[in-house]
Amino acid sequence: MTFPRGRVFVFGDAADRFSLHAPAPSPINPIPRPIPMSEPERSEQEQRRREERRELEARGIDPYPYAWDTNAHAADILDAFDDETHDPEDGERMDVAIAGRITSIRVMGGSAFFDIQDASGTIQAYIRKNDVGKEFYEEVFRDLLDIGDIVGIEGYVFRTRMGEVTVRVEEIKLLSKALRPLPVVKEAEGETYNEVTDKEFRYRQRYVDLTVNPEVRTVVRQRAQLIRTMRDFLDERGYLEVETPVLQPIYGGAAARPFTTHHNALDMELYLRIADELYLKRLLVGGLEGVYEIAKDFRNEGLSRFHNPEFTMMELYVAYKDYRWMMELVEALIERIATDLHGTPEIEHEGDTISFARPWERVTFLGAIEDQTGYDLHGASRDELMDVAKGLDLDVEDDLGAGKLYDKIFSETVEPTLVQPTFVMDYPIELSPLAKKHREKEGLVERFEVIVAGREICNAFSELNDPEDQRARFEEQARLRAEGDEEATPIDEDYLRAMEYGMPPAAGLGVGIDRLTMIMTGQASIRDVILFPLLRPER
RNA sequence: GACCCCGUAGCUCAGUUGGCAGAGCAACGGACUUUUAAUCCGUGGGUCGCAGGUUCGAUCCCUGCCGGGGUCACCA
């Protein structure tokens, strides 16, 4: 605990800008300014609220006190009297202490109704001049408290003439004075008025969005529950949650361009991880058998409603299993997540009913392409793939390799058609430098993706554990890289060294948490499931 | 990266074929002691995203820029 050395009295806005104790900036050691020189002019309402704050202080009321004890949340109180005939004043009086933000005030002379929003929801409060005193009611409550302020109230529960469960205020304490006006959103008969809809406003000022658009909180909670269910599911099976490096000297595990950064003391370039895969599989070498990680990956790519440069991935690796076993696990995992969130494995998504009930349909990569296009691409050469792509009128650049061509053909012709969860199995080897060769089919690997609503949400394979094959695959990647494929991964010698000690056969899985959350919560944009999506800086 | 759309009060939005910038809510003053988008009377509030250009005059027309959204490209 530290105390300010001296109190700086503030008479006007100018005094807010600099502490009297701040050392003068020097060219050698510039002092970062907490508030820019050209502070924007304050609106009438902002000035007004600052005046109210000073008036509160002049009256000896701390506008930012330290704590307030509560014994309930709004939803608890409403739940306790959800029966419309049950009068809270029948029987024992229910005393409550709650805290939250004032979202509406309706003054009617000597009494007033106001709404308090807390984490659980909103409840109405009722305050009377006679209960709290004329001076406090008129000069503090009515004149100095505003919509947006955070308060604590104590009182008892009753039901109004209109039947609304309400807290009769016996004590009210300001807990935080809001110096900016909160947008006021009103609702009646299913209509919402003055709803804050501006996407930029909502993403940049998510704190306001969360207050004025309660459905955002629902998505936040559902995302948390989705991750909790996933973690429970994995823990129940005995898999160990681990953490691997974000800062990596060599990146790998996916086809993507990385972010670079620099470590000063070691004077070395580092990459932010694009996947967890190579480190998690090192742990299989170490004998951990079943490991998973839920973490952020970073890919230096464009933004869209499906792409945020940092995103959350769950990766799981289980020793002695293969991709067929992993399919069963994925079905069980996703079905449980859907059921936990919605009470049923069926969800509504963009007009479709999607059922995650097991078992899901299984198709093969090349089989699905043949069904959609009529082309059998088994054993096709790069040039043949190019001809097919052009025959399908796809927009392809002339220098694309076989892997990219397969990917292009598949994602253009097959992916959009897969609405119900579908396993797509057995990918061309060119697309999958870390997956084990198919035990029967030449030129393919044992890999599957799960496509739902036309989007990939999982990627998994029987993990390649033959160090010599792995080296050959890396060398192929290096060749692609030399040819200009910036997403081809570099050779990771330490990873090969680990594998040379012997990695057990294993099944691996990656699940994109953001995209899974989009589907499970019905959100059309990844920015609606990420609290603070990357935006260009404000100016 | 390309193309299309958008940016007006704290919020939601009108608007000006180029001529003093509007409404509802919010705010402020007043009335009202169980309201329900509370109501009633009154008042104030704007760099019309930014910078140029055209024009007697630009929020409006033109150009560039900034920010956002969408589609495409790339990607998971």
Side-chain angles (χ1 to χ4, degrees), chain A residues 40-49 51-52 103-115 124-132 134 137 143 146-148 158-164 166 168 178-205 208 212 253-257 274-275 297-309 311-313 394-397 400 404 407-408 411 415 449-451 455-459 486-487 510-516 518 524-527 533 535-539:
Chain A
E41 269 185 35
R42 292 192 176 112
S43 70
E44 183 185 337
Q45 293 193 48
E46 288 174 300
Q47 290 174 36
R48 161 97 204 154
R49 283 158 179 259
E51 286 161 17
E52 288 172 354
T103 56
S104 166
I105 303 177
R106 302 173 292 283
V107 174
M108 292 165 307
S111 74
F113 288 92
F114 57 101
D115 293 335
Q124 177 169 269
Y126 178 58
I127 185 169
R128 289 170 65 108
K129 184 176 3 185
N130 297 356
D131 292 348
V132 297
K134 182 178 190 321
Y137 178 83
D143 289 350
D146 290 301
I147 290 170
F158 74 107
R159 194 184 290 275
T160 65
R161 271 182 213 152
M162 301 301 290
E164 182 160 350
T166 301
R168 173 96 171 232
L179 298 183
R180 288 175 184 265
L182 185 73
V184 177
V185 180
K186 296 190 176 180
E187 236 174 296
E189 289 154 16
E191 293 274 336
T192 303
Y193 301 84
N194 298 338
E195 186 179 11
V196 177
T197 54
D198 183 86
K199 295 270 189 188
E200 181 175 4
F201 184 107
R202 296 181 57 192
Y203 299 147
R204 286 197 193 282
Q205 302 191 45
V208 176
V212 301
R257 293 192 307 186
I274 59 171
D297 290 337
F298 306 85
R299 298 187 185 175
N300 209 336
E301 286 151 3
L303 295 85
S304 78
R305 71 192 184 99
F306 298 113
H307 298 86
N308 195 59
F311 63 100
T312 304
M313 182 88 106
L394 302 183
D395 180 20
V396 286
E397 289 149 45
L400 287 187
K404 295 262 177 189
D407 193 39
K408 186 90 188 172
S411 57
E415 240 174 48
E449 291 192 354
V450 175
I451 311 289
R455 300 170 212 166
E456 177 200 333
I457 57 165
C458 301
N459 183 21
E486 290 184 75
E487 289 165 0
V511 180
I513 299 291
D514 310 279
R515 289 183 178 179
L516 183 59
M518 286 170 68
S525 171
I526 198 167
R527 295 190 186 100
L535 298 174
R536 284 193 173 78
E538 250 179 308
R539 298 196 347 142

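Chain identifiers are assigned alphabetically (A, B, ...) following the order of the sequence lines, protein sequences preceding nucleic acid strands; residue numbering begins at 1 within each chain.
Across all strands, A/Glu189 comes closer than 4.0 Å to no nucleic acid atom at all (heavy-atom distances). Residue contacts for A/Lys134: at a heavy-atom cut-off of 4.0 Å it reaches no nucleic acid atom on any strand shown. Using a 4.0 Å heavy-atom distance criterion, A/Val212 is classed as making no nucleic acid contact. Nucleic acid contact class of A/Arg48 (heavy atoms, under 4.0 Å, all strands): sugar-phosphate only. Among the atoms of the strands shown, base atoms are found under 4.0 Å from some heavy atom of A/Asn308. Backbone-only contact: A/Arg536 has heavy atoms under 4.0 Å from sugar-phosphate atoms and none from a base. Counting any heavy atom pair closer than 4.0 Å across all strands shown, A/Glu456 reaches sugar-phosphate atoms only and no base atom. Residue contacts for A/Arg204: at a heavy-atom cut-off of 4.0 Å it reaches the sugar-phosphate backbone alone, with no base atom in range. Looking at heavy-atom distances under 4.0 Å, A/Glu52 makes contact with sugar-phosphate atoms alone, never a base. Among the heavy atoms of the strands, none lies under 4.0 Å from A/Arg202. Within the nucleic acid shown, A/Arg180 has no heavy atom closer than 4.0 Å to any nucleic acid atom. Looking at heavy-atom distances under 4.0 Å, A/Ala254 makes no contact with the nucleic acid at all.
For A/Arg305 and B/U71, the shortest distance from a side-chain N or O to OP1 or OP2 is below 4.0 Å. Residue A/Arg128 has no polar side-chain atom (N or O) positioned under 4.0 Å from OP1 or OP2 of B/U34. The shortest distance between the side-chain N/O atoms of A/Lys199 and the OP1/OP2 oxygens of B/G70 is not below 4.0 Å.
Across the strands present, B/C72 finds its partner in B/G1; the criterion is a Watson-Crick or G-U wobble pair with both atom distances under 3.5 angstrom. Remark: B/G42 base-pairs with B/C28. Criterion, Watson-Crick or G-U wobble with two distances under 3.5 Å. Nucleotide B/G7 forms a pair with B/C66, judged by Watson-Crick or G-U wobble geometry with both contacts under 3.5 Å.
Here the straight-line distance linking atom CD of A/Gln45 with atom CD1 of A/Ile147 works out to 9.5 Å at 0.5 Å rounding. Distance CD1/A/Ile526 to CZ/A/Phe306: 9.0 Å, rounded to 0.5 Å. Here CD of A/Glu415 is found 10.5 Å from CZ of A/Arg455. Values are rounded to the nearest 0.5 Å.
To the nearest whole angstrom, the two C1' atoms, one in B/C20 and one in B/C25, are 26 Å apart. Between B/C41 and B/U59, the distance separating the two P atoms is 35 Å to the nearest Å. B/A27 and B/C72 are spaced 44 Å apart, taking the P atom of each and rounding to whole Å.
No side-chain heavy atom of A/Arg202 sits less than 4.5 Å from a side-chain heavy atom of A/Arg527. A 4.5 Å side-chain heavy-atom check between A/Val184 and A/Lys186 finds at least one atom pair inside the cut-off. Under the 4.5 Å side-chain criterion, counting only non-hydrogen atoms from C-beta, A/Arg106 is in contact with A/Asp115. Between A/Asn308 and A/Asp514, the closest side-chain pair of non-hydrogen atoms is not below 4.5 Å.
The listed nucleotides are B/U36, B/C74, B/A26; the one nearest the side chain of A/Lys408 is B/C74. Side chain of A/Asp146, nearest nucleotide from B/U35, B/G69, B/C28: B/C28. You'll find that the side chain of A/Gln124 is closest to B/U36, out of B/G69, B/U34, B/U36. Closest to the side chain of A/Val107, out of B/C32, B/U34, B/G67, is B/C32.
Checked by atom type and distance alone, the side chain of A/Asp146 never pairs as donor or acceptor with a backbone atom of A/Gly148 at under 3.5 Å. A/Glu456 places no side-chain N or O within donor-acceptor distance of the main-chain N or O of A/Ile451, the cut-off being under 3.5 Å.
Between the side chain of A/Arg106 and the base of B/U36, no donor-acceptor pair under 3.5 Å is found. Between the side chain of A/Ser104 and the base of B/U36, no donor-acceptor pair of N or O atoms lies under 3.5 Å.
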Protein-nucleic acid N or O pairs under 3.5 Å, nucleotides 5-14 of chain B:
unit_1 : atom_1 : unit_2   : atom_2 : d
B/C11  : O2'    : A/Asn194 : O      : 3.1

Give each protein N/O atom lying under 3.5 Å from an N/O atom of nucleotides 21-23 of chain B, with the pair distance.
none

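Here B/U36 presents its P atom at 17 Å from CZ of A/Arg159, a figure rounded to the nearest Å.
By the ring-ring contact (aromatic ring centres under 6.0 Å, His included) test, A/Tyr137 is found to be paired with A/Phe141, residues two or more places apart in sequence or in another chain being considered.
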Problem set entry | salt bridge (Lys or Arg N to Asp or Glu O under 4.0 Å) assessment of A/Glu52 paired with A/Arg48 | CA-CA 6 Å; A/Glu52 288 172 354; A/Arg48 161 97 204 154; 3.1 Å; yes
